[in-house]
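One structure below.
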Protein chains: 2
Amino acid sequence: MNYVTLLKTKNLKATPQRLTIVEELYTHGHLNIDQLYSALVEKFPSISLATIYKNINAMSDIFFISEVKIPHKKSVYELTKESHAHLVCSECSSVEDIILHSSHLLEEIEKSSSFKVITQNILLEGVCKECQT
Amino acid sequence: MNYVTLLKTKNLKATPQRLTIVEELYTHGHLNIDQLYSALVEKFPSISLATIYKNINAMSDIFFISEVKIPHKKSVYELTKESHAHLVCSECSSVEDIILHSSHLLEEIEKSSSFKVITQNILLEGVCKECQT
DNA sequence: CTGGGTGCAAAGTATTTGCATGAAC
DNA sequence: GTTCATGCAAATACTTTGCACCCAG
């Protein structure tokens, strides 16, 4: 898949700044605003936080980027991908993706309530492999 | 259970403002900062947002209140209770609690990763009963 | 009485907006 | 050439802090 083309189909220009945000997220998976800014300022010394925000918002609007809200922490951003859950380490703050087969869960909800689920947002806090000394 | 006593055991004074926040959350389940402020200002016309924030923070520190972060929306607060999931309606923004038996989910995670889960944070977005015209 | 709480104002942090210039197409 | 993006500064929104006064215990 070609990010440049994908952006253009949504009428967003493929600027170097924008592409670098995408690359950073592709490479590192999950980054918060400050981490994105630190990464981008290396390459574009005069970039402003406003540009980061504008781009995050623009690409979120087209569902190309998603915000992950984390309890007691700053939000991180990721490239939108197949529905998945997040494992957040309380020690090192790492965020890991995991694909769940949560059909049981959805069945359970439909049985016990009349709520029609559209999007799942599952986040597990705990200790990652590396931090389990 | 007696909220007054509970607060005191944590060295928090049972002020009218504080108790009203608790009552509001008890009655309405989930409220954001603005809703809390609107409710409290009825009873205490000179209350300030700072007081709301300070109390929310103080009672969060003792795990008496929990913040629920919701995608694309403002956080809401609830009284801490038994572990449960949230159903958030995209139409009317209502938040409903549901107790899940998510053992399958936890087993699955432990099988496919070495992550040790401590806290679950499950939120489902969709359409509530009332909004399913 | 004593210590913590309240409410005000101010400070701090986070995010958005307006606009002139510049780059993508 | 036209449109949209960038980057600066300013504005707005959100949250915390300091302090004098007040109330719960």
Side-chain angles (χ1 to χ4, degrees), chain A residues 2-25 31-62 64-77, chain B residues 2-25 31-62 64-77:
Chain A
N2 184 338
Y3 294 131
V4 176
T5 314
L6 227 123
L7 285 171
K8 286 182 190 165
T9 61
K10 298 288 186 174
N11 296 315
L12 292 186
K13 287 180 178 169
T15 65
Q17 291 89 335
R18 200 165 272 167
L19 289 175
T20 304
I21 290 176
V22 174
E23 278 166 24
E24 284 296 322
L25 293 179
L31 296 172
N32 67 32
I33 286 286
D34 300 333
Q35 293 169 325
L36 270 175
Y37 180 75
S38 303
L40 276 269
V41 86
E42 296 283 325
K43 212 163 167 180
F44 310 97
S46 64
I47 200 171
S48 74
L49 256 180
T51 299
I52 311 268
Y53 277 113
K54 282 172 186 169
N55 280 326
I56 289 290
N57 288 340
M59 294 192 279
S60 295
D61 288 347
I62 61 168
F64 192 46
I65 281 181
S66 307
E67 179 182 4
V68 183
K69 290 192 173 186
I70 305 176
H72 316 116
K73 297 211 163 75
K74 297 192 74 162
S75 289
V76 295
Y77 300 89
Chain B
N2 183 339
Y3 293 132
V4 177
T5 314
L6 228 123
L7 285 171
K8 287 183 190 167
T9 62
K10 299 288 185 175
N11 296 313
L12 292 186
K13 287 181 177 170
T15 65
Q17 292 88 336
R18 199 165 273 164
L19 289 175
T20 304
I21 290 176
V22 173
E23 278 165 24
E24 284 296 322
L25 293 180
L31 296 172
N32 67 31
I33 286 287
D34 300 332
Q35 293 168 325
L36 270 174
Y37 180 75
S38 302
L40 277 270
V41 86
E42 296 284 324
K43 211 164 167 181
F44 310 96
S46 64
I47 200 171
S48 74
L49 255 181
T51 299
I52 312 268
Y53 276 112
K54 283 172 187 168
N55 281 326
I56 288 289
N57 289 339
M59 293 192 279
S60 294
D61 288 347
I62 62 168
F64 193 45
I65 281 182
S66 308
E67 179 182 3
V68 183
K69 290 192 174 187
I70 305 176
H72 316 117
K73 297 212 162 77
K74 298 192 74 164
S75 289
V76 295
Y77 300 89

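Convention: sequence-line order gives letters A, B, ...; per-chain numbering from 1. All values derive from a computational prediction rather than experimental measurement.
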Find the distance [X]:[atom1] to [N]:[atom2] and express it as a whole number of Å.
{"X": "A:K69", "N": "C:dT15", "atom1": "NZ", "atom2": "P", "value": "10 Å"}
{"X": "A:L36", "N": "D:dT6", "atom1": "CG", "atom2": "P", "value": "13 Å"}
{"X": "A:K43", "N": "D:dG7", "atom1": "NZ", "atom2": "C1'", "value": "18 Å"}
{"X": "B:K74", "N": "D:dA13", "atom1": "NZ", "atom2": "C1'", "value": "8 Å"}
{"X": "A:R18", "N": "D:dG7", "atom1": "CZ", "atom2": "P", "value": "12 Å"}
{"X": "B:D34", "N": "D:dC14", "atom1": "CG", "atom2": "C1'", "value": "10 Å"}
{"X": "A:N55", "N": "C:dT16", "atom1": "CG", "atom2": "C1'", "value": "14 Å"}
{"X": "B:Y53", "N": "D:dT17", "atom1": "OH", "atom2": "P", "value": "13 Å"}

Upstream residue (5' side of DNA chain C) when B:A50 and A:L12 are each assigned their closest nucleotide:
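Looking at the nearest nucleotide for each, B:A50 comes out on the 5' side.
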
N/O (side chain, [X]) to phosphate O (OP1/OP2, [N]) under 4.0 Å:
{"X": "B:S48", "N": "C:dC8", "answer": "no"}
{"X": "B:N57", "N": "D:dT16", "answer": "yes"}
{"X": "A:T15", "N": "C:dA24", "answer": "no"}
{"X": "B:S46", "N": "C:dG7", "answer": "yes"}
{"X": "B:Q17", "N": "C:dG7", "answer": "yes"}
{"X": "A:K13", "N": "D:dT6", "answer": "no"}
{"X": "B:N11", "N": "C:dG3", "answer": "no"}

Begin from the C-alpha positions of B:E67 and B:S75 and carry the test side-chain hydrogen bond (donor to acceptor under 3.5 Å, both in side chains) through to its verdict.
CA-CA 6 Å; B:E67 179 182 3; B:S75 289; 2.6 Å; yes

Among residues two or more places apart or on two chains, list those pairs meeting salt bridge (Lys or Arg N to Asp or Glu O under 4.0 Å) that have a residue in residues 2-19 of chain A.
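Sorted pair list comes back empty.
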
Is there a donor on the side chain of [X] or the base of [N] sitting less than 3.5 Å from an acceptor on the other?
{"X": "B:K8", "N": "C:dG4", "answer": "no"}
{"X": "B:K54", "N": "C:dG7", "answer": "yes"}
{"X": "B:K10", "N": "C:dG4", "answer": "no"}

Main-chain N/O of A:I70 paired to B:K69 side chain as donor or acceptor, under 3.5 Å:
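Judged by distance alone, yes, a pair lies under 3.5 Å.
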
Check for a donor-acceptor pair, side chain of A:Q35 on one end and backbone N or O of A:N32 on the other, with a separation under 3.5 Å.
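Pair found, side chain donor or acceptor close to backbone of A:N32.
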
For A:Y77, which of A:L31, A:V68, A:I65 qualifies under side-chain contact (heavy atoms from CB on, under 4.5 Å)?
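When side-chain contact (heavy atoms from CB on, under 4.5 Å) is applied between A:Y77 and each of A:L31, A:V68, A:I65, only A:I65 qualifies.
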
Both B:I33 and A:P16 contact DNA chain D. Taking the nearest nucleotide for each, which residue is further toward the 5' end?
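Result of the comparison: A:P16.
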
Nearest-nucleotide wise, let me know which of A:A58 and B:E67 is further upstream toward the 5' end of DNA chain D.
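Nearest-nucleotide comparison on DNA chain D picks A:A58.
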
Between A:E24 and A:K43, is the closest basic N to carboxylate O distance under 4.0 Å?
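No, A:K43 and A:E24 are not salt-bridged.
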
